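Below, chain A is the first sequence line, B the second, and so on; all start at residue 1. Values below: every heavy atom of this structure, side chains too, minus hydrogens, waters and symmetry copies. From a predicted model like this one, the values you see are computed outputs, not experimental measurements.
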There are 2 protein chains.
Amino acid sequence: MVSKTVVTAFQSAGHDHQRCLEDALAYAAETCARRGVRLTRLREQVLRLVWGNHEPVKAYDLLESLRRDHEGAAPPTVYRALDFLLKEGLIHRIESLNAYIGCGDPSSPHTGQFLICRKCNSVAELNDPEIGELIASKTKQIGFKMDHQTIELSGICPKCSG
Amino acid sequence: MVSKTVVTAFQSAGHDHQRCLEDALAYAAETCARRGVRLTRLREQVLRLVWGNHEPVKAYDLLESLRRDHEGAAPPTVYRALDFLLKEGLIHRIESLNAYIGCGDPSSPHTGQFLICRKCNSVAELNDPEIGELIASKTKQIGFKMDHQTIELSGICPKCSG
DNA sequence: CAATTAATGTAATGTTATAACATCGACCCA
DNA sequence: TGGGTCGATGTTATAACATTACATTAATTG
Ligand SMILES: [Zn+2]
Ligand SMILES: [Zn+2]
Ligand SMILES: [Zn+2]
Ligand SMILES: [Zn+2]
């Protein structure tokens with residue numbers, strides 16, 4: 001998969017999410033295999049839950065879902081899986097929501113630029129190099145050595161404003 | 001005060017923070033008076049504590065400080081004051097740190113772009129129109145009606161890398 | 001098959017934030 | 001000046017988010 005500016009678009013009505021989900025899981029499995037890290041049953045299940053839709057998911061909601069077929073799940077169960085998935089770039093954390101969302105392109109590490117619809121809660125992810133580079137150059141000008149960007153944009157998505 | 005790109009710079013060694021603090025408080029008082037809102041003793045005290053230095057401050061640290069001369073302070077005491085100060089644009093919330101920092105230019109509402117040093121914890125605030133407008137134009141292109149930006153950049157400040 | 005390390009289980013606790021209702025105090029207007 | 005109104009604060013409890021610490025189990029390696 002080649003790097004793209006719109007990593008995950010706002011989804012249209014006809015979106016085949018079952019397919020979208022299975023693709024993401026297959027791609028994650030492949031990515032982990034290539035890297036020699038273990039996408040265990042538990043981690044895969046959490047990833048599947050995060051990918052349940054295109055909305056950010058909260059840790060304790062994941063915990064509740066997880067408990068449906070994983071009786072002993074506790075907060076560390078979820079947070080450890082999330083830490084792994086974050087580290088491998090399979091999901092992103094949305095700081096302004098304390099929530100997590102699947103990444104459509106874990107091939108190369110990136111921080112992403114998130115468009116969050118405050119009406120329907122859906123999220124699109126950009127990885128726009130112009131934005132990243134403009135910010136990098138502006139911060140460099142004032143002597144700042146940037147190593148991470150958090151960019152979260154709140155508003156109304158095309159579907160909700162249409 | 002005219003709008004500036006670097007709202008709050010990284011501070012140099014000789015920085016007269018006492019002066020900086022008093023200016024900010026005076027400016028806040030003036031701004032509130034102009035708007036007809038009440039910068040009460042409590043709110044001013046919280047603002048003073050947030051402006052204690054150029055590092056983000058956590059709500060429960062504020063609470064602890066506040067209790068030194070305000071015996072009955074409880075979480076709502078702090079959070080209500082913070083809500084007021086946020087609404088009036090006198091402080092900003094740093095989402096990635098769950099912390100709060102004074103705004104050097106509350107004259108016009110803005111969201112700010114924060115440079116956060118992960119070594120010394122100091123923060124600089126930009127309000128760079130090029131960044132804001134590039135992001136606005138990119139998001140508009142895909143039909144997103146943006147109404148709020150969260151931009152938080154982590155790295156090493158000039159003082160710490162020098 | 002032991003030894004080692006990674007992953008998960010389990011209990012407790014720490015940290016951040018809000019809800020709900022009571023009281024107080026500033027301000028306005030008879 | 002007294003009473004009404006509304007914004008601000010007090011107070012108690014709890015919700016929501018996250019980590020520590022230590023025990024146990026599973027995978028990997030020699
Ligand atoms: Zn989908
Ligand atoms: Zn991504
Ligand atoms: Zn200062
Ligand atoms: Zn500001």
Side-chain angles (χ1 to χ4, degrees), chain A residues 28-29 32-50 55-88 90-101 116 121 150 152, chain B residues 28-29 32-33 35-50 55-88 90-101 121 150 152:
Chain A
C32 288
R34 189 168 357 94
R35 293 178 189 165
V37 297
R38 293 171 55 202
L39 186 62
T40 60
R41 192 174 152 64
L42 181 59
R43 290 166 174 173
E44 188 185 28
Q45 195 170 4
V46 171
L47 180 58
R48 180 184 291 276
L49 291 169
V50 172
E55 300 175 25
V57 184
K58 308 217 141 212
Y60 275 71
D61 290 344
L62 286 171
L63 178 55
E64 200 187 330
S65 304
L66 194 57
R67 276 177 167 155
R68 287 204 239 293
D69 53 10
H70 191 101
E71 189 169 336
T77 313
V78 165
Y79 282 105
R80 283 170 185 151
L82 290 172
D83 285 347
F84 170 84
L85 298 170
L86 284 167
K87 190 166 148 205
E88 297 302 328
L90 300 169
I91 63 172
H92 294 287
R93 177 177 158 83
I94 307 294
E95 298 290 348
S96 57
L97 297 175
N98 296 331
Y100 305 84
I101 192 151
I116 305 164
N121 300 125
T150 297
E152 299 173 8
Chain B
C32 288
R35 293 179 188 165
V37 297
R38 294 171 55 200
L39 185 61
T40 61
R41 196 174 149 63
L42 181 60
R43 290 166 172 173
E44 188 185 28
Q45 196 170 3
V46 170
L47 180 58
R48 180 182 292 275
L49 291 169
V50 171
E55 300 175 24
V57 185
K58 308 216 141 214
Y60 277 72
D61 290 343
L62 286 171
L63 179 54
E64 199 186 333
S65 305
L66 194 57
R67 278 178 166 153
R68 288 203 240 292
D69 52 10
H70 190 102
E71 188 170 335
T77 313
V78 166
Y79 281 104
R80 284 168 183 153
L82 290 172
D83 286 346
F84 170 85
L85 298 170
L86 285 167
K87 189 166 148 204
E88 296 303 326
L90 299 169
I91 63 173
H92 293 287
R93 177 176 159 83
I94 308 294
E95 298 291 348
S96 57
L97 298 174
N98 294 332
Y100 305 84
I101 191 149
N121 299 125
T150 297
E152 299 174 7

To the nearest angstrom, the CG-P distance between A/Leu42 and D/dA27 comes to 13 Å
Assign A/Arg41 to base, sugar-phosphate, or nothing according to its heavy-atom contacts below 4.0 angstrom with the strands shown.
nothing
Which of C/dT16, C/dA20, D/dA18 is nearest the side chain of A/Tyr60? It is D/dA18
On DNA chain D, does the nearest nucleotide to A/Arg38 precede the nearest nucleotide to B/Val37 from the 5' side, or the other way round? Give the residue.
B/Val37
Are A/His70 and C/dT8 close enough that a side-chain N or O sits under 4.0 Å from OP1 or OP2?
no
Could you work out which one of D/dG10, D/dA18, C/dA11 sits closest to the side chain of A/Pro75?
D/dA18
In whole angstrom, what separates A/Tyr79's OH from C/dT8's P?
17 Å
Separation of atom CZ in B/Arg67 from atom C1' in D/dG10, rounded to whole Å
12 Å
Nearest-Å distance, CG (B/Asp83) to P (C/dA17)?
10 Å
Have a look at A/Arg80 and say if it touches a base, only the backbone sugar-phosphate, or nothing, with a 4.0 Å heavy-atom cut-off.
base
Atom-to-atom span, CZ of A/Phe84 to C1' of D/dT19 - whole angstrom
20 Å
Whole angstrom value for the distance that separates P of D/dA16 from CG of A/Leu82:
18 Å
Polar side chain donor-acceptor pair, B/Glu152 to B/Ser96, under 3.5 angstrom
yes
How far does CZ of B/Arg80 sit from OG1 of B/Thr77, to the nearest 0.5 angstrom?
6.5 Å
Side chain of B/Thr77 (C-beta onward), nearest among C/dT10, D/dG10, C/dA17:
D/dG10
Looking at side-chain heavy atoms only, is the closest gap between A/Glu88 and A/Val37 below 4.5 Å?
yes
Measuring from the side chain of A/Pro76 (C-beta onward, heavy atoms only), which nucleotide among D/dT19, D/dT11, D/dT9 has the closest atom?
D/dT19
If you count heavy atoms of other groups shown closer than 6.0 angstrom to CZ of B/Arg41, is the number above 12?
no
Would you say the side-chain atoms of A/Arg43 pair up with the backbone N or O of A/Arg38, donor to acceptor, closer than 3.5 Å?
yes
Grab the CG-C1' distance between A/Leu63 and D/dC17 for me, whole Å please.
11 Å
Looking only at the side chain of B/Lys58 (C-beta and beyond, no hydrogens), which of the listed nucleotides D/dA8, C/dT16, D/dG10 gets closest?
C/dT16
Between D/dA27 atom C1' and A/Arg43 atom CZ, what is the distance in whole Å?
12 Å
